Amino acid sequence: MAAIGEKELLRDLNPEQQEAALHLDGPLLILAGAGSGKTRVLTYRIALLVGPRQVHPGRILAITFTNKAAEEMRGRTARLVGPDAASIWVSTFHSSCSRILRMEAERLGYRRGFVIYDDDDQLRMISSLIKEMGIDNKKYAPRLVRALIEDAKNEMVDVDGYRDKVHDDLTEIAYDVYGAYQKQLMRNNAMDFSDLLNNTIAVLELFPHVLEHYQNHFSYINVDEYQDTNPAQYRLVKLLSAGHRNLCVVGDDDQGIYSWRGADLRNILEFEHDYPDSKVVRLERNYRSTPVILGAANHIVSLINGRKEKKLWTEREGGEAIKYLYAGTGNDEASYVALEINRLLEDGTCGQRDVAVFYRTNAQSRSFEEILLRFGIPYKIVGGFKFYERREVKDVLAYLKCILNPDDSVSLRRIINEPKRGIGLTTVSHLDAFARLQGITLWEAIGRAEEVGNLSSGAAKKLEQFREMIESLANERETASLPAFLHMILERTGYAEAIRKEGTFESEGRLENLQELQNAAAEFVSTHPDEGMEAFLERVSLVAEIDLYDEDEGAVTLMTLHNAKGLEFPVVFIVGLEDGVFPHQRSMDSRENIEEERRLFYVGMTRAKDLLYLTGAAYRSKFGEMKLGPESRFMKDIPREYLEVISCGGPAARDSISSELRSRELEMLGYSFHVGDRVLHNKWGEGIVTAMSRSSSGPEVTVNFPGEGERLLLLEYAPLRKVD
DNA sequence: CTAGTTTGCCTTTTT
DNA sequence: GGCAAACTAG
């Protein structure tokens with residue numbers, strides 16, 4: 001592609017965007033409101049550097065939060081500058097760090113080919129440490145201890161530093177576990193997500209010439225979603241950009257929704273303070289939503305303390321009112337959503353892929369899945385059950401990890417008796433005790449099984465077989481391609497056979513998933529011919545929910561509000577708008593937390609281009625029992641003029657709205673019954689419909705038969721006919 | 001040591 | 001109303 005000219009590039013940008021794209025040297029903060037074209041600015045800025053300004057693409061670093069965002073940015077840059085885009089460092093914090101650490105981790109005492117532990121691995125390890133250390137795991141729940149350790153790591157407080165933070169028995173325990181945890185990670189040659197960041201920082205700070213190398217290397221650094229950076233990420237950016245000082249951060253404090261993961265809004269709020277010579281550009285023109293949606297969203301977010309004042313505006317005019325329903329029950333809410341989607345699709349107002357349903361917690365997806373299934377509307381769920389976190393996938397990957405790095409005892413424990421090969425808990429704890437005594441890894445202990453006391457000869461024999469199996473697989477790793485090697489693992493270990501033997505409906509699904517994993521491996525090999533199996537594992541460890549999302553697929557999208565950030569849809573439903581659900585119960589205890597929920601609401605609303613629906617329900621089954629949930633406190637912050645209230649009768653509406661919705665729903669499904677209809681039953685004769693309801697097995701009617709009394713019938717199977 | 005059963009915990013949000 | 005650790009019987 002011929003180098004694209006500067007004028008040509010700038011033509012596509014509005015004046016503020018141009019200002020941002022053209023400020024190439026020195027620190028720059030772009031305060032980019034929702035839908036204001038920040039990715040556009042970022043890509044054009046990079047295109048400007050690579051094209052007209054002739055900066056070597058390998059010297060540009062662009063950091064995003066998800067791989068999906070990274071790929072999008074790379075793709076869009078490539079369209080502007082051509083193949084040069086391939087050598088730009090566009091990646092997430094975590095993959096940039098692991099890329100650096102692949103080269104530098106040995107300086108910190110790691111061996112080649114460290115593995116990455118995800119939070120499931122992390123929790124397993126912390127759990128087993130707590131057990132081993134004889135700590136009461138009821139009083140000191142592993143999750144809680146993990147949270148404390150994670151908090152410390154997010155703030156780069158190491159084990160020594162944490163000693164000063166100990167102030168009660170819980171933090172005392174956390175301190176002990178933290179120490180043991182880090183020690184074991186090192187022994188296992190493993191890093192968790194936070195270690196990727198912290199170890200990169202450590203390398204840079206401990207080895208000035210390494211720091212200098214990277215500082216010189218990256219002449220331009222761009223960070224997306226800066227409001228979501230945590231202290232470690234802040235420090236990393238600061239270190240890397242200190243050389244050339246060409247740092248551009250893009251973000252929106254109104255969209256900061258990750259404080260629970262250690263993100264600190266002060267990073268963006270105090271940027272100007274941090275870099276006194278910085279330039280600030282505000283992007284407030286919105287290219288996405290109607291003025292109605294924007295107006296309501298502005299109101300929601302205007303109530304936050306200490307935010308950077310922004311007022312989004314648009315040239316669009318008109319727009320439909322936001323529809324608001326506070327239904328009687330969660331089922332009604334789901335029915336209403338499905339009915340509306342169905343109507344929009346039949347009207348031709350929009351297509352399936354144009355619609356999204358956002359909820360606060362993954363657990364809420366179920367009722368919408370059920371009803372969409374019933375309506376025959378295709379849908380896809382982002383998150384919830386993650387491919388790479390499924391048991392069988394993790395098992396096979398654990399085999400791969402073990403073969404590449406036998407010291408990885410978390411993976412080893414996972415597979416040592418999977419499928420069942422007679423190496424049970426007792427055997428493993430004997431080995432474990434021995435390993436701890438000798439200061440060796442679990443794998444090394446298996447190699448010296450004969451020295452381990454009180455191990456039965458049967459157990460020793462099985463361990464020997466297991467060790468030989470792993471070793472023989474390890475010997476093959478050079479000869480087989482990655483997909484073939486995965487296949488070999490599945491067969492030689494008996495893993496596939498064990499699943500096949502089950503012969504259940506689920507086991508077929510699991511076999512399909514394993515096939516899918518091999519496909520993913522094959523695809524990886526063909527797109528990354530020079531990379532090894534370690535690179536595949538790394539890739540797999542760092543994928544996020546949203547990375548697997550394919551917007552071209554024609555289906556309604558269901559996802560959490562957190563996953564929705566960065567996306568847009570013509571039609572958006574935000575559901576579960578009740579105090580306790582959204583805002584979430586656990587966030588209602590402090591002003592800061594409520595404010596974060598409010599930002600989350602803002603993020604959700606601003607995803608909508610044309611139509612926005614807000615729904616909640618007075619009664620919702622929680623923990624199996626019906627609970628009353630008052631209308632979300634956020635609703636009163638939206639001026640009535642923006643809303644079209646479908647019904648706001650609250651708990652009282654429980655029945656009236658129910659029967660109205662029920663009959664519409666049943667009609668939709670091809671059952672044209674209404675309360676008061678006379679019906680004929682094969683066995684009981686004529687009766688009158690007295691109520692409509694829906695159970696988990698489908699829609700039901702209650703019919704009063706003279707002589708028989710009231711009967712509750714499942715419509716799908718009931719031999720009922722309407723009498724005119 | 002395994003397999004089947006009970007209990008007891010849940011539920012934020014995720015790189 | 002579901003899943004995973006903990007318990008119990010062979």
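Just so we're on the same page: letters track the sequence lines, and every chain starts at 1. Keep in mind that what you see is a predicted model, and the values were worked out from it rather than measured.
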Check ion pair A:Asp121-A:Lys401 (N to O, under 4.0 angstrom) = yes
Candidate nucleotides [options], ranked by approach to the side chain of [X] - the nearest:
X: A:Phe193; options: B:dT11, B:dT14, B:dT15; value: B:dT15
X: A:Arg586; options: B:dT15, B:dT11, B:dT14; value: B:dT11
X: A:Lys420; options: B:dA3, B:dT11, B:dT15; value: B:dA3
X: A:Thr560; options: B:dT15, B:dT2, B:dT14; value: B:dT14
X: A:Thr361; options: B:dT13, B:dT15, B:dT11; value: B:dT13

Find the distance between SG (A:Cys248) and CG (A:Asn222) and round it off to the nearest 0.5 Å.
-> 5.0 Å
When you measure from the side-chain N and O atoms of [X] to the phosphate of [N], is any distance below 4.0 Å, counting only OP1 and OP2?
X: A:Asn67; N: B:dT15; answer: no
X: A:Arg143; N: B:dC10; answer: no
X: A:Asn230; N: B:dT15; answer: no
X: A:Asn362; N: B:dT11; answer: no

Touch check for [X], heavy atoms < 4.0 angstrom, all strands: base, sugar-phosphate only, or nothing?
X: A:Asn593; result: nothing
X: A:Ile423; result: sugar-phosphate
X: A:Ser587; result: base

Separation of atom [atom1] in [X] from atom [atom2] in [N], rounded to whole Å:
X: A:Phe93; N: B:dT14; atom1: CZ; atom2: C1'; result: 15 Å
X: A:Arg414; N: C:dA4; atom1: CZ; atom2: P; result: 11 Å
X: A:Ile594; N: B:dT13; atom1: CD1; atom2: P; result: 18 Å
X: A:Leu196; N: B:dT15; atom1: CG; atom2: C1'; result: 9 Å
X: A:Lys153; N: B:dT14; atom1: NZ; atom2: P; result: 21 Å
X: A:Glu597; N: B:dT11; atom1: CD; atom2: C1'; result: 13 Å
X: A:His94; N: B:dT14; atom1: NE2; atom2: C1'; result: 9 Å
X: A:Ile257; N: B:dT13; atom1: CD1; atom2: P; result: 13 Å

Aromatic rings A:Trp260 and A:Tyr258: how do their planes relate, parallel, tilted or perpendicular, breaks at 30° and 60°?
-> tilted
Please work out which of the three classes, parallel, tilted or perpendicular, describes the rings of A:Phe582 and A:Phe634, given edges at 30° and 60°.
-> perpendicular
Under 3.5 Å on both distances, the Watson-Crick or G-U partner of B:dC10 = none
ring centroid sep under 5.5 Å plus plane angle under 30, A:Trp260 with B:dT13 = yes
With A:Phe601 as partner, the option from A:Val301, A:Leu614, A:Leu561, A:Thr606 fulfilling side-chain contact (heavy atoms from CB on, under 4.5 Å) is A:Leu614
Is it the case that more than 12 heavy atoms not belonging to A:Lys238 sit under 6.0 Å from its NZ atom?
-> yes
Given DNA chain B, 5'-ward residue of the pair A:Arg146 and A:Asn417, judged by closest heavy atom = A:Asn417
Specify the residue among A:Glu596 and A:Lys462 whose closest nucleotide of DNA chain B lies further upstream toward the 5′ end.
-> A:Lys462
